[in-house]
Protein chains: 2
Amino acid sequence: MGFTVLPHRARYSVRRERGQVMPKQVRGPSMHDVAARAGVSHQTVSRVLNHHPSLRPETRDRVLAAITELGYRRNLAARALVTGRTQTIGMVGPDTADIGPLSTLHAIEKAAREAGMSTLMTSAEPARAQVLETVEFLLGRGVDALAVAAQQSEITMAIDQLNLDVPVVHLLAGDQDVTLAASVDQQAGVRMALGHLRDLGHERIQHISGPLTFGEARSRRATFEAFIASEGLELLPILEGDWTADSGYAAGRDVAAEATAVLCGNDQMAFGLIHALHDRGVSVPREVSVVGFDDTAEARHSLPPLTTVSQDFAAVGRAAVGLIVARLAGSDDAAPLIQPELLVRESTAPARG
Amino acid sequence: MGFTVLPHRARYSVRRERGQVMPKQVRGPSMHDVAARAGVSHQTVSRVLNHHPSLRPETRDRVLAAITELGYRRNLAARALVTGRTQTIGMVGPDTADIGPLSTLHAIEKAAREAGMSTLMTSAEPARAQVLETVEFLLGRGVDALAVAAQQSEITMAIDQLNLDVPVVHLLAGDQDVTLAASVDQQAGVRMALGHLRDLGHERIQHISGPLTFGEARSRRATFEAFIASEGLELLPILEGDWTADSGYAAGRDVAAEATAVLCGNDQMAFGLIHALHDRGVSVPREVSVVGFDDTAEARHSLPPLTTVSQDFAAVGRAAVGLIVARLAGSDDAAPLIQPELLVRESTAPARG
DNA sequence: TTCCGGACTGGGACCGGTCCCAGGCTAGCA
DNA sequence: TGCTAGCCTGGGACCGGTCCCAGTCCGGAA
């Protein structure tokens with residue numbers, strides 16, 4: 001065999017375009033470079049990276065040394081090309097910057113990274129076309145799974161009906177019948193809150209729900225109605241907000257005069273409600289008790305500090321990633337229902353009279 | 001030439017592992033499939049996708065038809081492998097689920113998608129090792145650029161000193177001297193707030209700053225001191241919080257008795273402060289005026305509704321993506337300073353006496 | 001008629017990994 | 001001693017795009 005002169009692999013190159021000089025992408029060392037340095041084949045390097053059992057420790061060490069010396073970094077594009085897996089979870093978040101969904105996404109991201117995966121974040125408005133476009137975008141990026149944290153039925157159902165090839169996990173989908181979900185036990189949360197109010201002697205309790213386009217809002221509302229009925233209490237008209245403090249404020253005008261307690265669908269609406277009651281000269285909690293949902297950062301320091309149902313969003317995120325990883329490995333894992341917690345503060349007090 | 005029997009390309013295959021049957025990745029149609037269907041070469045398909053000018057419209061249409069018929073989707077891994085670009089921005093967010101940074105990240109995501117890029121979200125605690133690990137993770141995923149929305153100096157500086165091959169944009173870095181930044185004009189914000197208080201007749205104004213490990217907190221503090229000096233007012237001791245409402249509550253104990261107004265580094269601390277003042281029997285705004293920063297969703301409905309400086313986080317996110325896209329295209333774009341806005345509500349009133 | 005340039009198209013190398021297959025070596029057993 | 005099994009390693013095809021190069025066809029100029 002004779003010598004073969006291989007062309008030098010350029011690390012830097014320039015491309016002329018309209019007279020300009022443009023820096024092209026810098027490429028790091030490849031598996032072949034590592035192999036050459038360690039005096040082994042590229043295949044052996046691959047085996048080291050994938051923890052193959054049959055490897056002489058000495059060889060392994062030599063390869064690892066070469067890797068650190070060269071600052072070698074595995075090219076995920078090449079890997080994805082052949083395996084067909086990108087190790088990426090696509091997240092569909094809401095269009096708004098609400099703390100609930102966002103912190104769930106945040107939790108997914110952390111859990112995913114621990115599992116060696118990364119997360120692609122997107123957001124979608126609750127319109128079918130928008131949702132499909134978003135999903136198409138994620139599939140185009142080759143995600144291995146979808147995590148949906150946008151809970152409007154329109155979004156949840158649109159995605160679930162697509163029958164995608166990749167696993168899809170819905171977060172906090174409430175009463176919606178989806179294939180795979182990670183959720184908080186909404187019924188338990190509502191019962192704890194109402195039990196607390198009943199124990200304080202309240203008998204005329206009103207509910208300001210979130211928008212009924214949300215499965216969670218429907219779950220809480222249904223549980224509320226069931227509780228009132230089972231306790232034989234009077235059912236006051238249920239008001240519907242849109243999660244914002246503004247809507248809570250607006251609902252404050254319609255709160256029944258005889259109500260002595262109000263259960264709000266989230267903390268924001270509770271803040272708005274308290275503001276409205278204050279403007280009407282109604283004292284919280286002396287005249288009316290108020291309970292929220294979520295335990296936002298402000299709840300502890302609102303006036304008065306808010307009694308609320310705390311939901312462990314981080315646990316929901318971890319559960320979702322657990323489901324995804326299990327699915328990708330081919331096994332089925334049951335989705336746990338995460339238990340909420342009631343935090344009693346100063347916005348609730350014994351019923352007057 | 002004779003016939004050649006090509007092996008049928010399996011779309012589905014199974015792999016046996018410990019007796020289990022495991023579904024392998026389903027692969028969609030490739031460029032070659034489209035080419036075959038349209039009766040052209042793969043190269044022509046590529047040209048259609050990349051909007052090459054020299055293409056007969058008829059050919060183009062035939063290819064496009066084949067694409068929709070087959071439901072072809074371009075494989076980004078293959079594309080990234082050869083171009084060396086992944087069309088992905090890596091985001092380094094804070095470890096906490098604070099609304100400010102999170103909504104900035106949210107804005108980046110939207111802007112990136114409009115620019116045809118996607119975003120990889122991560123979070124890092126402000127420890128050098130953690131930051132490096134996070135950056136390493138992102139580089140390992142082959143991101144084309146970095147957007148840093150975690151504003152502690154420790155994080156900002158650690159990243160900026162790495163001298164990475166990819167462009168790095170810092171968001172809301174405050175007074176920090178970084179190469180590329182998208183920020184809100186903090187000086188203007190502070191001056192507007194203080195100007196408002198001065199116009200109301202306040203002469204003894206105190207400041208509760210964010211932690212001085214944050215460039216923004218330092219920026220605001222420095223501007224505060226400069227303003228007090230230039231107006232010839234008395235400089236009261238500056239208190240330092242950690243952005244949380246808890247720390248605002250704690251700072252409430254140390255607010256000087258002679259202070260008639262307090263400028264808080266963010267809304268959360270303002271809420272905590274108002275809570276503390278209320279517990280001390282001090283009325284806001286009758287005895288003490290309070291101004292916040294950020295205009296969180298709750299600020300409108302806190303008791304009293306909070307006067308605050310609003311920052312357009314979405315604009316910051318868009319600006320950051322603009323900078324990144326420009327850099328990747330080889331041109332330099334100047335970073336605009338986004339202007340804040342003062343929202344006067346009911347937590348400020350004329351000075352007493 | 002011949003030559004030439006531009007519009008349009010195709011062939012094949014290449015990016016950097018993983019997978020399948022096969023080969024060398026050593027140890028264990030008949 | 002000969003054969004086989006298992007450990008360890010290497011060679012090459014392949015994933016699905018992009019890029020470089022070259023070829024065909026056509027109209028207009030020489």
Please give, in whole Å, the distance from [N] [atom2] to [X] [atom1]?
X: B:Met31; N: D:dG16; atom1: CE; atom2: P; result: 11 Å
X: B:Asp33; N: D:dG17; atom1: CG; atom2: P; result: 9 Å
X: B:Arg79; N: C:dG16; atom1: CZ; atom2: P; result: 17 Å

inquiry  = Using the side-chain heavy atoms of B:Arg27, tell me which of these nucleotides is nearest: D:dT18, D:dG16, C:dG17.
reply    =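 Closest of the options to the side chain of B:Arg27: D:dG16.
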query = Which nucleotide in the list C:dG17, D:dT18, C:dT18 gets nearest to the side chain of A:Thr83?
reply =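 Of all the options, the side chain of A:Thr83 is nearest to C:dT18.
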query = Has the side chain of A:Gln176 got a donor or acceptor atom that lies under 3.5 Å from a matching backbone atom of A:Ala173?
reply =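 Present.
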Could you measure the distance from the [atom1] atom of [X] to the [atom2] atom of [Y]? Nearest 0.5 Å is fine.
X: B:Leu180; Y: B:His170; atom1: CG; atom2: NE2; value: 8.0 Å
X: B:Leu132; Y: B:Ile159; atom1: CG; atom2: CD1; value: 8.5 Å
X: A:Leu139; Y: A:Leu146; atom1: CG; atom2: CG; value: 6.5 Å
X: B:Leu105; Y: B:Met91; atom1: CG; atom2: CE; value: 4.5 Å

Those residues of residues 37-58 of chain B lying under 4.0 Å from DNA chain D by at least one heavy atom =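 Contacts with DNA chain D under 4.0 Å: B:His42, B:Gln43, B:Ser46, B:Asn50.
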query = Got a sec? Which of residues 59-77 of chain B come in under 4.0 Å of DNA chain D, heavy atoms?
reply =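 Listed by number, they are B:Tyr72, B:Arg73, B:Arg74, B:Asn75.
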task = Taking atom CZ of A:Arg60 as the centre, report whether more than 12 heavy atoms of other residues, nucleotides or ligands fall under 6.0 Å from it.
result =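 No, CZ of A:Arg60 has 12 or fewer neighbouring heavy atoms, counting only those of other groups under 6.0 Å.
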key: Donor on one side chain, acceptor on other, A:Glu109 and B:Ser123, under 3.5 Å   =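 Yes, side-chain donor-acceptor contact under 3.5 Å.
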task = Scan side-chain atoms only and decide if B:Asn75 and B:Ser30 contain a donor-acceptor pair under the 3.5 Å cut-off.
result =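 B:Ser30 and B:Asn75 do not have a side-chain donor-acceptor pair below 3.5 Å.
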